[in-house]
Amino acid sequence: MKELALGRIRVTRVVESEGPTSPRYLLPDATREALVPHHGWLAPHFYNPETDKMNMSVHSFIVRTPHHTMLVDTCIGNDKRRKAPHWNMRNGPFLADLARAGVQPEEVDLVVCTHLHVDHVGWNTRLEDGRWVPTFPNARYIMAEQEYEHWRQSQEGDAPEIMRDSVMPVIEAGKALLVASDYAIEDGIRFEPTPGHTPGHCSIHLISGGKEGVITGDLAHHPVQYYENAWVARPSLDREQDMRTRRKFCETYADRDVLILGTHFAFPTVGRIVQAGDSFKFMV
Ligand SMILES: [Zn+2]
């Protein structure tokens with residue numbers, strides 16, 4: 001996506017990784033047969049007919065306002081020990097790419113996490129002399145308290161390691177702000193609770209100069225889930241709530257002039273939700 005202007009808010013995407021993904025790796029319901037009816041509206045951006053795979057992305061959004069330089073979600077990060085082989089001990093150029101987008105780490109004054117999964121908190125910290133330190137030294141890190149409380153106590157998968165290297169260093173440095181799930185970050189920018197994927201999962205609602213947008217986090221990993229609301233991603237913790245939240249989100253935003261920014265949606269990443277029969281599609 002090019003830089004997007006919503007009134008006085010400007011949004012840019014910084015990609016950490018983008019490419020073909022096996023559909024069933026993330027969405028067990030997305031069998032080859034089940035996807036066939038969707039090829040037409042998903043190709044070429046979100047489905048590649050040549051590889052028969054979904055196109056997906058891991059990226060951050062830079063959100064610039066007259067008052068703040070904000071980073072929404074911080075991807076996977078470098079040097080982190082992770083169970084998923086392609087996310088383990090990465091050494092990628094994310095900070096150089098951020099600089100190319102015109103942002104030095106010191107300039108970021110707000111970091112916002114939609115939730116605390118591995119691919120949304122990685123660049124919260126970086127390794128310096130063997131210690132994990134906040135990557136953005138002048139930033140407040142905003143996260144939903146409910147989300148933090150859940151993961152602080154979780155022993156699930158990589159959770160203790162992720163908290164130890166990517167969340168606790170920020171808390172211990174006094175840089176975190178734990179907030180309610182409908183917290184107003186600043187004028188026109190607020191958390192919108194979208195629980196299910198994780199208990200305190202939030203989308204980020206943007207409005208300025210009459211223009212409206214929503215950064216969805218993992219409310220949907222792939223546009224096909226706006227049609228198939230019941231396709232729940234493997235890591236979602238409450239399947240029923242995940243489904244219900246997505247359905248309600250579609251009902252709220254369908255056929256409105258609201259730009260939807262998918263946190264794992266491949267280029268061009270931004271589109272609108274439109275009613276399609278009893279369900280919904282995502283159109284760029
Ligand atoms: Zn994710």
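Just so you know, ligand 1 is whichever comes first in the structure, and atom 1 is the first atom listed for that ligand.
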Does any N, O or S atom in Asp218 come within less than 2.8 Å of the Zn ion (ligand 1)?
-> yes
Using a cut-off of strictly less than 2.8 Å, determine whether His120 has an N/O/S atom near the Zn ion (ligand 1).
-> yes
Classify the angle between the aromatic ring planes of His197 and His221 as parallel (below 30°), tilted (30 to 60°) or perpendicular (above 60°).
-> perpendicular
Looking at His264, His117, His201, which one forms a side chain to side chain donor-acceptor pair (under 3.5 Å) with Asp218?
->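 The single option meeting the side chain to side chain donor-acceptor pair (under 3.5 Å) with Asp218 is His264.
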For the Zn ion (ligand 1), which N, O or S atom of His264 is at the shortest distance?
-> NE2
Here the N/O/S atom of Asp119 closest to the Zn ion (ligand 1) would be OD2
Report the residue from Arg272, Arg190, Arg256 that forms a salt bridge (charged side-chain N to carboxylate O under 4.0 Å, His left out) with Glu212.
->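 The option that passes is Arg256.
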Kindly indicate whether the side chain of Tyr141, heavy atoms from C-beta on, has any atom under 4.5 Å from the side chain of Leu177.
->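 Side-chain contact under 4.5 Å: no.
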